[in-house]
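Presented below is the structure to which this report refers.
Labels below follow one simple rule: chain letters A, B, ... track the order of the sequence lines, proteins then strands, and each chain is numbered from 1.
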Amino acid sequence: MTIRTRFAPSPTGYLHIGGARTALFSWLYARKHGGQFILRIEDTDLERSTAESVNAILEGMTWLGLEYDEGPFYQTHRFDRYKEIIQQLLDTGHAYHCYCSKEEVDAMREAQMANKEKPRYDGRCRHRTGTPPAGVPPVVRFKNPLEGQVIVDDMVRGKVVFQNSELDDLIIARSDGTPTYNLTVVVDDMDMQINHVIRGDDHLNNTPRQINILKALGAEPPRYAHVPMILGDDGKRLSKRHGAVSVIQYREDGYLPEAVINFLARLGWSHGDQEIFTVDELTQLFDVEDINQSASSMNTSKLQWLNQHYMKESPPERIAHHLSYFLGKLGIDPTDGPALAEVIVAQRERAKTLVDLAGSCQFYYHDFDSYDAKSAKKAFKPEAVNILEQVKQGMAALEAWNRENLHQLIADTVETLEVGFGKVGMPLRLAVTGGAPSPDLDLTLYLVGKAACLRRIDQAIAYIQQNVEND
RNA sequence: GUCCCGUUCAUCUAGAGGCCUAGGAUAUCGCCCUUUCACGGCGAGUACAGGGGUUCGACUCCCCUACGGGACGCCA
């Protein structure tokens with residue numbers, strides 16, 4: 001059997017992190033088994049579905065690299081098919097018209113709640129006879145079996161039993177004739193030959209109804225896997241108020257897609273003690289059976305650790321590709337200065353995100369006009385003027401601008417002036433970087449370049465003479 | 001309220017009756033490395049929700065309670 005999975009978001013907002021994980025799991029499962037992954041847009045809620053949301057979802061999936069084999073299919077394009085099925089259900093006696101008003105049904109629910117019962121439609125229109133009330137457009141309800149039980153043999157939950165007596169006759173077509181979710185999902189999964197449904201566990205309660213509809217249609221239900229939801233850092237349910245829940249927001253915040261994928265995969269799924277997974281490894285090792293049964297919380301600091309890991313391990317060219325957007329935001333043109341790849345290698349272990357990295361690249365490309373106050377207090381002593389002057393002269397006289405010579409120059413200066421290494425290193429570093437975290441001094445100087453170094457040393461000397469009291 | 005699901009360190013998790021005085025990872029803290037900041041190395045603390053069974057033996061199986069979540073829509 002060819003494995004066919006699907007991701008079926010409703011376009012009422014961006015692709016959030018929970019949806020992305022569900023999509024990832026479905027995608028991985030299909031890939032692992034050489035099957036197909038289908039994208040379906042569940043846009044039957046005409047009121048809330050938007051084209052922007054569709055775009056946001058597609059953009060998020062593309063960024064993560066979750067390419068689909070078929071689709072995107074839009075449910076709004078399939079209304080004829082749903083009508084056909086609804087009619088079939090009506091014809092075979094599996095569905096009926098219901099003329100109950102909203103108010104009537106609401107009252108019913110309230111009474112049941114007050115009576116400590118589970119609120120549900122009591123089926124009063126099931127056996128309605130006679131002429132239908134005039135001017136009332138009916139809804140269509142599915143005739144759910146009254147007795148027996150439905151067993152959902154879930155791939156992550158195990159067997160879950162529902163009594164049919166707990167279920168009511170759900171609406172499958174609205175009074176305007178449009179189909180509702182539980183009907184469309186069943187028809188689509190059937191028509192698209194989806195045989196493995198991996199989705200959020202908020203759908204577990206819908207599953208027995210869907211199985212009943214499938215049975216009424218004479219179709220074989222797919223296998224189901226209900227994955228637990230993702231909570232925010234604070235253990236509360238994810239919402240717009242919880243910060244970065246949109247996948248695109250993570251891109252904006254400077255995360256690499258491979259870090260997000262790795263992070264998402266490890267949220268609710270595991271393979272022994274392994275933490276780092278390439279996409280290839282995931283497609284090989286992933287299995288629905290290994291998905292956790294309990295909800296998990298976002299762990300942003302672990303995502304950051306993964307992101308830093310991938311920034312350190314990836315080829316600098318790849319990082320540069322993702323970094324350019326963030327450099328642009330800071331007005332940095334990397335062609336105007338040291339080779340970006342070298343700067344990235346020099347700075348990347350000091351950054352958790354691309355935003356950090358871009359920020360830490362700044363001093364290589366731009367001069368600055370202020371110094372970190374704390375460092376300045378420590379390093380910019382009056383005697384530093386002479387030291388910087390010495391270094392500057394040495395630099396100016398340097399034949400070749402490379403790390404070895406710079407290292408030697410500093411060592412010589414230390415020796416000539418008979419001072420500690422720090423006496424030279426600290427003011428020099430501060431003069432050139434402004435106080436930003438930076439790698440080995442000789443590497444820093446080398447990358448910043450001769451002209452900028454000389455210029456900044458002059459600037460530092462002037463600063464000290466102006467701002468630091470001579471004692 | 002009713003039904004369904006869940007509960008191992010702060011967080012992500014390993015654990016399929018003895019391998020567990022519960023392992024890994026992140027975070028935190030300490031030490032080492034270091035003229036900055038990091039990286040890296042080493043180390044520390046912190047967890048089986050509670051109570052009953054079953055068993056020679058329970059984190060692992062069963063029941064109850066508590067807590068958390070989900071569903072109960074002419075939303076998906």
Once you apply a heavy-atom cut-off of 4.0 Å, does [X] come out as touching a base, just sugar-phosphate, or nothing?
X         : result
Thr433(A) : nothing
Arg266(A) : base
Val160(A) : sugar-phosphate
Pro439(A) : base
Glu42(A)  : sugar-phosphate
Ser296(A) : sugar-phosphate
Gly435(A) : nothing
His203(A) : base
Ser301(A) : sugar-phosphate
Phe162(A) : sugar-phosphate
Leu428(A) : nothing
Lys423(A) : nothing
Asp440(A) : base

Gap in Å between the two [atom1] atoms, one belonging to [N] and one to [M], rounded:
N       : M       : atom1 : answer
rG51(B) : rG15(B) : C1'   : 23 Å
rA25(B) : rA14(B) : C1'   : 11 Å
rC61(B) : rU54(B) : C1'   : 8 Å
rC67(B) : rA27(B) : P     : 35 Å
rA22(B) : rC48(B) : C1'   : 8 Å
rC62(B) : rG45(B) : P     : 34 Å
rG1(B)  : rU28(B) : P     : 41 Å
rU8(B)  : rG23(B) : C1'   : 12 Å

[X] has an atom [atom1]; how far is it from atom [atom2] of [N], in whole Å?
X         : N       : atom1 : atom2 : value
Trp305(A) : rC39(B) : CH2   : C1'   : 14 Å
Leu183(A) : rG73(B) : CG    : P     : 17 Å
Phe142(A) : rC74(B) : CZ    : C1'   : 18 Å
Asn206(A) : rG73(B) : CG    : P     : 11 Å
Glu349(A) : rC37(B) : CD    : P     : 14 Å

Does the structure show a Watson-Crick or G-U wobble partner for [N], both distances under 3.5 Å? Name it, or say none.
N       : value
rG6(B)  : rC67(B)
rC61(B) : rG53(B)
rC33(B) : none
rC72(B) : rG1(B)
rA25(B) : rU11(B)
rG45(B) : none

Quick check on side chain to side chain contact (heavy atoms under 4.5 Å, CB included): which of Leu15(A), Ile41(A), Leu66(A) does Phe7(A) satisfy it with?
Leu15(A)
Hey, does the side chain of [X] come within less than 4.0 Å of [N]'s phosphate (OP1/OP2), counting only N and O?
X         : N       : value
Lys118(A) : rC4(B)  : no
Ser294(A) : rG69(B) : no
Arg109(A) : rC74(B) : yes
Thr180(A) : rA76(B) : no
Ser270(A) : rA14(B) : yes
Asn292(A) : rA14(B) : yes
Thr184(A) : rA76(B) : no

Determine, for [X] against [Y], whether the closest basic-nitrogen to carboxylate-oxygen distance falls under 4.0 angstrom.
X         : Y         : value
Asp168(A) : Lys118(A) : no
Lys83(A)  : Asp80(A)  : no
Arg78(A)  : Asp191(A) : yes

Proximity to RNA chain B (any heavy atom under 4.0 Å), residues of residues 166-173 of chain A only:
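Going residue by residue through residues 166-173 of chain A, the ones with a heavy atom under 4.0 Å of RNA chain B turn out to be Glu166(A), Ile171(A).
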More than 12 heavy atoms of other groups within 6.0 Å of Tyr446(A) OH
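Counting other residues, nucleotides and ligands, OH of Tyr446(A) stays at 12 neighbours or fewer.
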Determine, for Tyr121(A) and Arg141(A), whether the Lys NZ or Arg CZ falls below 6.0 Å from the six-membered ring centre while staying within 45 degrees of the axis.
yes
Those residues that, when tested against Asp122(A), pass salt bridge (charged side-chain N to carboxylate O under 4.0 Å, His left out) (two or more places apart):
Arg124(A)
For the ring pair Tyr181(A) and His203(A), is the centre-to-centre distance below 6.0 Å?
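Yes: the rings meet the under 6.0 Å criterion.
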Name the orientation class of the two ring planes belonging to Tyr74(A) and His77(A) (parallel below 30°, tilted from 30 to 60°, perpendicular beyond 60°).
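It falls in the tilted class, 30° to 60°.
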For Asp169(A), run the salt bridge (charged side-chain N to carboxylate O under 4.0 Å, His left out) check against Arg209(A), Arg126(A), Arg120(A), Lys143(A) and tell me which one passes.
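Exactly one candidate clears the test, Arg126(A).
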